[in-house]
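FYI, side chains are in, hydrogens and waters are out, and symmetry mates aren't considered; it's all heavy atoms of this structure. Quick caveat, the model's predicted, so the values are computed rather than measured. Numbered from 1 within each chain, the chains take letters A, B, ... in sequence-line order.
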2 protein chains.
Amino acid sequence: MTQTFRKQIVQRITRNFLDILILRLIQTEPMWGYKIIKKTERLFGLKIRHGALYPLLNSMEAKGYLRSQKKTERGRVRKVYKITSKGIELVDAYYDFLKEQLQRLDIKEA
Amino acid sequence: MTQTFRKQIVQRITRNFLDILILRLIQTEPMWGYKIIKKTERLFGLKIRHGALYPLLNSMEAKGYLRSQKKTERGRVRKVYKITSKGIELVDAYYDFLKEQLQRLDIKEA
DNA sequence: TACAATATGTCCTTTTCAAGACATATCGGC
DNA sequence: GCCGATATGTCTTGAAAAGGACATATTGTA
């Protein structure tokens with residue numbers, strides 16, 4: 001049961017915070033879309049549809065969280081993404097909130 | 001900007017993990033729907049629509065996370081909810097996941 | 001030359017979700 | 001008696017999201 005709950009939580013987080021997961025990955029190392037798909041599958045068993053990822057990456061760049069550069073290597077044209085300072089701010093806000101959440105809610109009211 | 005990001009994260013978490021927020025509240029103290037609405041508004045400035053809350057509470061009870069008891073006090077019929085052991089397990093899975101997330105993703109691969 | 005893998009993109013259809021309206025009942029104060 | 005607060009419930013409508021198909025180009029291998 002505990003394992004089932006874990007899976008449920010992971011699914012819900014990755015569905016709703018996919019953008020932040022991607023930012024966290026790119027923060028550790030600049031990456032392109034296809035690599036993100038392969039990496040999340042290996043690391044987390046998470047299959048991101050490319051039809052969901054590419055529009056998301058584009059919108060994240062438009063919002064200023066990422067910056068891309070086209071790089072060609074052995075005929076493969078890749079859009080390599082780097083995180084921006086704005087992107088780092090968003091990830092930090094996420095981490096800060098998680099820390100806050102871990103402080104249990106047993107605040108007694110007046 | 002940092003504050004804007006915070007608000008964005010809070011909104012996204014509370015939209016997607018409202019059930020767990022409710023479980024956490026009820027875990028600290030048994031409660032009924034109307035009180036949850038008033039309490040989250042006072043504590044977090046979070047306005048939960050009753051049209052969203054009551055069906056959620058019912059489905060959470062159906063799933064075994066909560067157990068309710070009708071209590072009448074001065075003519076007010078309240079459905080007081082208590083968290084079940086299954087509900088506690090779900091909350092714990094959430095906390096465990098948060099802790100895991102806080103460990104940054106700088107895992108280098110082989 | 002055909003096929004799998006790499007690489008990025010759009011689009012449509014279905015399903016899910018959120019907001020607000022509709023609905024009912026009691027109590028206390030004016 | 002009426003209104004605001006307490007208390008719980010459903011339902012419809014519209015918007016957002018998820019899934020999968022359609023689309024294209026290159027490289028390496030069988």
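- In this structure, T84(A) has no side chain to side chain donor-acceptor pair (under 3.5 Å) partners at least two apart in sequence or on a different chain.
- Under the side chain to side chain contact (heavy atoms under 4.5 Å, CB included) criterion, T4(A) pairs with no residue at all, not counting sequence neighbours.
- Of the two residues contacting DNA chain C, namely K70(A) and R15(A), the nearest-nucleotide position lying further toward the 5' end is that of K70(A).
- When the side chain to side chain donor-acceptor pair (under 3.5 Å) test is applied to S85(A), no partner is found at least two apart in sequence or on another chain.
- Between the CG atom of L53(A) and the P atom of dT8(C) there is a distance of 9 Å, given to the nearest Å.
- Distance CZ/R6(B) to CD1/I9(B): 10.0 Å, rounded to 0.5 Å.
- At the phosphate of dA5(D), neither OP1 nor OP2 sits under 4.0 Å from any side-chain N or O atom of K38(B).
- Contacts of V80(B) classified as side chain to side chain contact (heavy atoms under 4.5 Å, CB included), with partners at least two apart in sequence or in another chain: P30(B), W32(B), K71(B), R78(B).
- Residues V10(B) and L43(B) share a single hydrophobic cluster, defined by chaining ILVMFWY side chains whose heavy atoms lie under 4.5 Å apart.
- If you measure from atom CD of Q11(A) to atom P of dA17(D), you get 18 Å, rounded to the nearest angstrom.
- Between R78(A) atom CZ and dG9(C) atom P the separation is 14 Å, expressed in whole Å.
- The shortest distance between the side-chain N/O atoms of Y54(B) and the OP1/OP2 oxygens of dT8(D) is below 4.0 Å.
- Residues forming a side chain to side chain donor-acceptor pair (under 3.5 Å) with Q11(A) (at least two apart in sequence, or on another chain): none.
- When the side chain to side chain contact (heavy atoms under 4.5 Å, CB included) test is applied to N58(B), the partners found at least two apart in sequence or on another chain are K79(B), Y81(B).
- Relative to the side chain of P55(A), the nucleotides dA7(C), dT10(C), dG9(D) differ in distance, and dT10(C) lies closest.
- Residues satisfying the side chain to side chain contact (heavy atoms under 4.5 Å, CB included) test with K63(B), not counting sequence neighbours, are S59(B), Y65(B).
- For the salt bridge (Lys or Arg N to Asp or Glu O under 4.0 Å) test, residues two or more places apart in sequence or in another chain that qualify with R12(A) are D19(B).
- L57(A) places its CG atom 8 Å from the P atom of dG9(C), with the value rounded to the nearest Å.
- Residue pairs satisfying the ring pair (Phe, Tyr, Trp, His ring centres under 6.0 Å) criterion with at least one member in residues 8-29 of chain A, sequence neighbours excluded, are listed as follows: F17(A)-Y94(A).
- For the pair K39(B) NZ and dA7(D) P, the interatomic distance rounds to 14 Å; values are reported in whole Å.
- The CD1-C1' distance, from I22(B) to dT8(D), rounds to 14 Å in whole Å.
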Worksheet item: What is the per-nucleotide protein-contact pattern of nucleotides 19-30 of chain D, from the 5' end, where B denotes a base atom under 4.0 Å from a protein heavy atom, S denotes such proximity for sugar-phosphate atoms only, and - denotes neither?
Response: BB--B--BB---

Just the table, please: protein N/O against nucleotides 14-16 of chain D N/O, every pair under 3.5 Å.
none

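- When the P atom of dA7(C) is taken as reference, atom CD of Q69(A) falls 17 Å away, rounded to whole Å.
- Ranking dA18(C), dA5(C), dT10(C) by closeness to the Y34(A) side chain, first place goes to dA5(C).
- Distance check, rounded to the nearest 0.5 Å: CD1 of I83(A) to CD1 of I26(A) gives 7.5 Å.
- Two end axes, each from the C1' atoms of five base pairs, can be drawn for the helix from dT1(C)-dA30(D) to dC30(C)-dG1(D); they diverge by 10°, to 10 degrees.
- Between the CD atom of E41(B) and the C1' atom of dT6(D) there is a distance of 14 Å, given to the nearest Å.
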